[in-house]
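To start, the structure under review is shown below, and the notes come after it.
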Amino acid sequence: MLPLSSPVELDFTRQALRRILGEVGYPYLVLRLGTSDPDHAGPAHTPRLPGEQVIEIVD
């Protein structure tokens with residue numbers, strides 16, 4: 001699931017979504033659902049630091 005808010009920041013897109021939804025309410029977020037295509041997976045994930053390097057536990 002990928003939440004997208006930028007499409008509904010444009011009035012034209014927001015009104016088009018509202019018409020598609022039967023003019024019930026006012027859309028403020030779009031969710032993209034589905035699985036990725038294994039042949040077009042996109043860029044590699046960004047490397048992350050181990051939790052021990054970024055989380056400090058203070059007693």
Practice problem: Examine distances only and state if a side-chain atom of Arg18 and a backbone atom of Pro27 form a donor-acceptor pair shorter than 3.5 Å. | Solution: no
Quiz prompt | Note, Leu29 side chain near Val8 side chain (heavy atom, < 4.5 Å) | solution = no
Quiz prompt | Single-linkage hydrophobic cluster Tyr28~Leu31, side-chain heavy atoms < 4.5 angstrom | solution = yes
Practice problem: Determine whether Ile57 and Val54 fall in the same hydrophobic cluster, where Ile, Leu, Val, Met, Phe, Trp and Tyr are linked whenever their side-chain heavy atoms lie under 4.5 Å apart. | Solution: yes
Quiz item: Ile55 and Leu49: same hydrophobic cluster, using ILVMFWY side-chain contacts below 4.5 Å?
Solution: yes
Exercise. Kindly confirm or rule out a cation-pi arrangement of Arg14 over Tyr26, judged by NZ or CZ under 6.0 Å from the six-membered ring centre and within 45° of its axis?
Key: no
Quiz item: Just how far is it from atom CD of Gln15 to atom CD of Glu23, taken to the nearest 0.5 Å?
Solution: 8.0 Å
